[in-house]
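What follows is a set of notes on a single structure, which appears directly below.
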Amino acid sequence: MNKVLSVILTAFLVALFPSEIQAKTDLHDTIENELLRAYATTVFSQPKDMAAVNKQLAKQYRPILLSRFLKYVTYNSQSSYTEEITPGQIEMAKALHEEIKDMGYKDAVLTDHYYIFVRIPSNLPEGTTAPILGFSAHYDVTPDVTTNNVNANVITNYRGGKIELGVNPQGEKQILDPDTPRDAYLKTQIGNMIITSDGTTNLGADDRAGLSIVMTTLEVLAKHPEKKHGEMQIVIAPNEETGGAADFIAGVPYRPEIAFDFDGSVDGELMTDNFNALRILVTVKGHEGHQSNADGPYVNHGLAAADLIHQVYEDPSIPRRFADNSIVNLNSSCSRWLRLPSESRDREGYLDVFTNRPSNDTTVVDFRARSFAQADLDQLEDFIREIVKFLSAKYTKVDFSIKTESTYNNVGETAHPASFRVSKSAFEAAGVKMRPVSERAGTTGAIFAAATKNLPQKIVGSYMLFTGQNNMHSYTEWLSVDDMNKSFLVGLNIIDQVVVLLGTEQK
């Protein structure tokens with residue numbers, strides 16, 4: 001009853017002296033925080049009331065989320081295809097680490113490879129547990145389009161129509177046009193705030209939007225200890241844009257039991273599954289020598305490499321043996337039974353092939369397989385190994401060796417079984433329509449799972465939430481601030497729903 005009276009009294013003071021309290025920003029923030037704290041402590045056990053508290057928090061922290069995003073895009077933290085870590089990434093990682101410590105997380109870790117890790121202990125009542133919840137994001141931006149000297153263009157109330165930006169370094173005028181398929185989403189943002197670059201650089205919303213959400217969530221949890229949660233683990237990674245976000249993740253103590261990645265696009269999208277990726281490298285080695293000498297050491301290996309590719313794609317037993325494999329095209333009109341990427345749609349998988357000749361006596365056949373089902377790739381690997389064994393006996397003077405690499409895994413196959421239920425409840429509480437999507441590529445969560453799948457403690461697959469990014473990796477990249485705010489609210493609700501739906505009280 002005392003807590004209820006406190007809520008009523010605080011609300012009365014804010015209503016009675018609004019101008020005086022608003023004039024003192026620190027006092028206003030303190031009173032608003034105390035009001036939310038008292039209210040949340042009083043009604044936490046009621047899910048509908050928790051959603052109301054989170055909506056108030058999201059409203060309160062909206063300007064902080066925005067200012068954080070605008071600050072982060074000023075860092076030129078491009079990753080590199082040739083460097084393990086770039087100076088810009090190091091600068092940003094150190095700044096983020098200091099910011100997190102200033103929030104009160106004194107044990108936050110900045111690893112030798114510039115991952116940032118934060119463990120937040122559970123504050124649930126004694127005897128109550130919930131799965132360890134993980135949130136992730138990345139702080140690097142693509143090396144493909146410059147983010148040096150980003151000049152963010154904030155449009156507070158988009159009125160519709162074209163948005164003319166500047167001229168990119170190639171001398172091309174940059175325009176956002178809602179009447180084109182690329183920019184059609186702009187039509188949903190009339191009356192909302194959006195942010196673009198000035199057209200001379202990439203904006204870097206991928207993944208500064210997700211990064212801002214995760215960092216602001218950390219601030220909320222630090223300032224609102226009344227918000228109940230189980231143990232939480234946060235990781236912010238480098239090098240996602242060059243495929244290296246998992247290169248050193250095994251050494252980071254990020255091991256959640258249910259996880260979510262903030263790096264998606266727009267409109268309530270939730271990435272619930274993605275391709276598994278397998279690379280199969282077959283090295284075919286002959287022997288150098290002068291071709292004119294029939295009695296010399298020369299052994300041709302090109303014919304054996306070509307035979308391998310031919311048999312992998314055209315073996316007549318494929319339709320019978322692998323009829324349920326998504327990579328197999330039973331309707332092929334040319335007896336090439338395995339799909340190429342250009343022939344794959346929706347949930348169909350594919351097998352691509354490349355060849356490389358690192359020396360005169362060697363060809364490497366590089367098969368790259370994708371499927372939403374790991375079993376499809378396992379079948380294909382066994383099949384290719386079988387053919388290699390057959391060809392080794394056929395070409396007795398040629399040496400064959402095989403190596404496989406699992407690049408990323410389908411998060412849907414390794415995610416916590418309640419991930420969808422938790423997400424659905426969190427979206428509903430936020431009033432956001434959830435749109436599950438499948439990604440025909442990899443994600444941060446996918447490569448985390450693949451990198452640790454053979455370790456005693458693996459990283460579970462993580463669903464990926466929308467963050468408001470549009471036209472990623474381009475001079476016309478832009479951010480829907482409204483979508484970013486919605487994602488932030490969904491994240492706050494996820495924290496609650498993990499406790500409400502999955503928490504258990506030990507008897």
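Only heavy atoms go into these numbers, but all of them, side chains included; no hydrogens, no water, no symmetry mates.
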- Among residues two or more places apart or on two chains, list those pairs meeting side chain to side chain donor-acceptor pair (under 3.5 Å) that have a residue in residues 439-450.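 Of all non-adjacent pairs touching residues 439-450, those that pass side chain to side chain donor-acceptor pair (under 3.5 Å) are S344-R440.
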- For residues 205-218, which residue pairs qualify under side chain to side chain donor-acceptor pair (under 3.5 Å), counting only residues two or more places apart or in two chains?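 Passing the test, one end in residues 205-218: R68-T216, S77-R208, H138-D206, D206-H473, D207-Q469.
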- Task: Go through E386 and R321 one step at a time and tell me if the salt bridge (Lys or Arg N to Asp or Glu O under 4.0 Å) criterion holds.
- Result: CA-CA 13 Å; E386 184 180 305; R321 294 175 59 184; 3.1 Å; yes
Does a side-chain heavy-atom distance below 4.5 Å link [X] with [Y]?
X: H113; Y: V252; value: no
X: M232; Y: L221; value: yes
X: K433; Y: F427; value: no
X: Q311; Y: L391; value: yes
X: V118; Y: V109; value: no
X: E381; Y: L278; value: yes
X: K397; Y: H287; value: no
X: L96; Y: L211; value: yes

Could you state the interatomic distance from [atom1] ([X]) to [atom2] ([Y]), rounded to the nearest 0.5 Å?
X: L176; Y: Y185; atom1: CG; atom2: OH; answer: 14.5 Å
X: F354; Y: I309; atom1: CZ; atom2: CD1; answer: 11.0 Å
X: T201; Y: N76; atom1: OG1; atom2: CG; answer: 9.0 Å
X: I195; Y: N470; atom1: CD1; atom2: CG; answer: 12.0 Å
X: M215; Y: I100; atom1: CE; atom2: CD1; answer: 4.0 Å
X: D352; Y: D366; atom1: CG; atom2: CG; answer: 9.0 Å

- Item | Working for side-chain contact (heavy atoms from CB on, under 4.5 Å), residues L281 and K403 | CA-CA 5 Å; L281 297 162; K403 181 176 72 170; 3.7 Å; yes
Side chains of [X] and [Y]: is there a donor and an acceptor less than 3.5 Å apart?
X: N493; Y: Q497; value: no
X: E231; Y: Q233; value: yes
X: T146; Y: N148; value: no
X: S480; Y: Q189; value: yes
X: S79; Y: N239; value: no
X: Y75; Y: D140; value: no
X: T504; Y: T129; value: yes
X: S462; Y: D261; value: no
X: N325; Y: Q379; value: yes
X: S438; Y: R347; value: yes
X: S359; Y: D361; value: yes
X: D496; Y: N54; value: yes
X: Y475; Y: E172; value: no

Do the side chain of [X] and the main chain of [Y] share a donor and acceptor less than 3.5 angstrom apart?
X: D177; Y: I175; answer: no
X: N485; Y: V481; answer: yes
X: S474; Y: E477; answer: yes
X: Q78; Y: V145; answer: yes
X: T452; Y: I459; answer: yes
X: T467; Y: G264; answer: yes
X: S423; Y: S419; answer: yes
X: S487; Y: D483; answer: no
X: N168; Y: K173; answer: no

- Quick one: sort the F367 and Y313 rings into parallel, tilted or perpendicular, breaks at 30° and 60°.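 Answer is tilted, since the angle falls between 30° and 60°.
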Please name the pair of heavy atoms, one in [X] and one in [Y], separated by the smallest distance, quoted to 0.1 Å.
X: P178; Y: Y158; result: CG-OH, 3.6 Å
X: P256; Y: L133; result: CB-C, 4.0 Å
X: N274; Y: A441; result: CB-O, 3.2 Å
X: G445; Y: V411; result: C-CG1, 3.8 Å
X: S80; Y: P143; result: CA-CB, 4.5 Å
X: L479; Y: L203; result: N-CD2, 4.0 Å

Enclosure of [X] [atom1] (heavy-atom neighbours >12, cutoff 6.0 Å):
X: K453; atom1: NZ; answer: yes
X: D346; atom1: CG; answer: no
X: D144; atom1: CG; answer: yes
X: K424; atom1: NZ; answer: no

- Task: Return the set of residues passing side-chain contact (heavy atoms from CB on, under 4.5 Å) with P316 (not counting sequence neighbours), or none when no residue passes.
- Result: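 Per chain and number, P316 pairs via side-chain contact (heavy atoms from CB on, under 4.5 Å) with no residue.
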- Task: Output every pair passing ring-ring contact (aromatic ring centres under 6.0 Å, His included) with a member in residues 252-284, not counting sequence neighbours, ordered by first then second residue.
- Result: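 Qualifying pairs, neighbours excluded: F135-F262, F275-Y350, F275-F372.
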- Checking side chain to side chain donor-acceptor pair (under 3.5 Å) for the pair S326/D376: CA distance, chi angles, key distance, verdict? CA-CA 7 Å; S326 73; D376 291 354; 2.8 Å; yes
- Query: Can you list the residues that meet the salt bridge (Lys or Arg N to Asp or Glu O under 4.0 Å) rule with R336, with sequence neighbours excluded?
  - Reply: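 With sequence neighbours excluded, R336 shows a salt bridge (Lys or Arg N to Asp or Glu O under 4.0 Å) to E343, given in chain and number order.
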- So among L308, V312, D307, which one has a side chain to side chain contact (heavy atoms under 4.5 Å, CB included) with H310?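 Exactly one pass, corresponding to D307.
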- Contacts of type side chain to side chain donor-acceptor pair (under 3.5 Å), residue T363, not counting sequence neighbours: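 For T363, the residues satisfying side chain to side chain donor-acceptor pair (under 3.5 Å) (neighbours in sequence not counted) are H301.
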- For the pair K486 and D267, find out whether any cationic side-chain nitrogen is under 4.0 Å from an anionic carboxylate oxygen.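 The answer is no: the pair does not qualify as a salt bridge.
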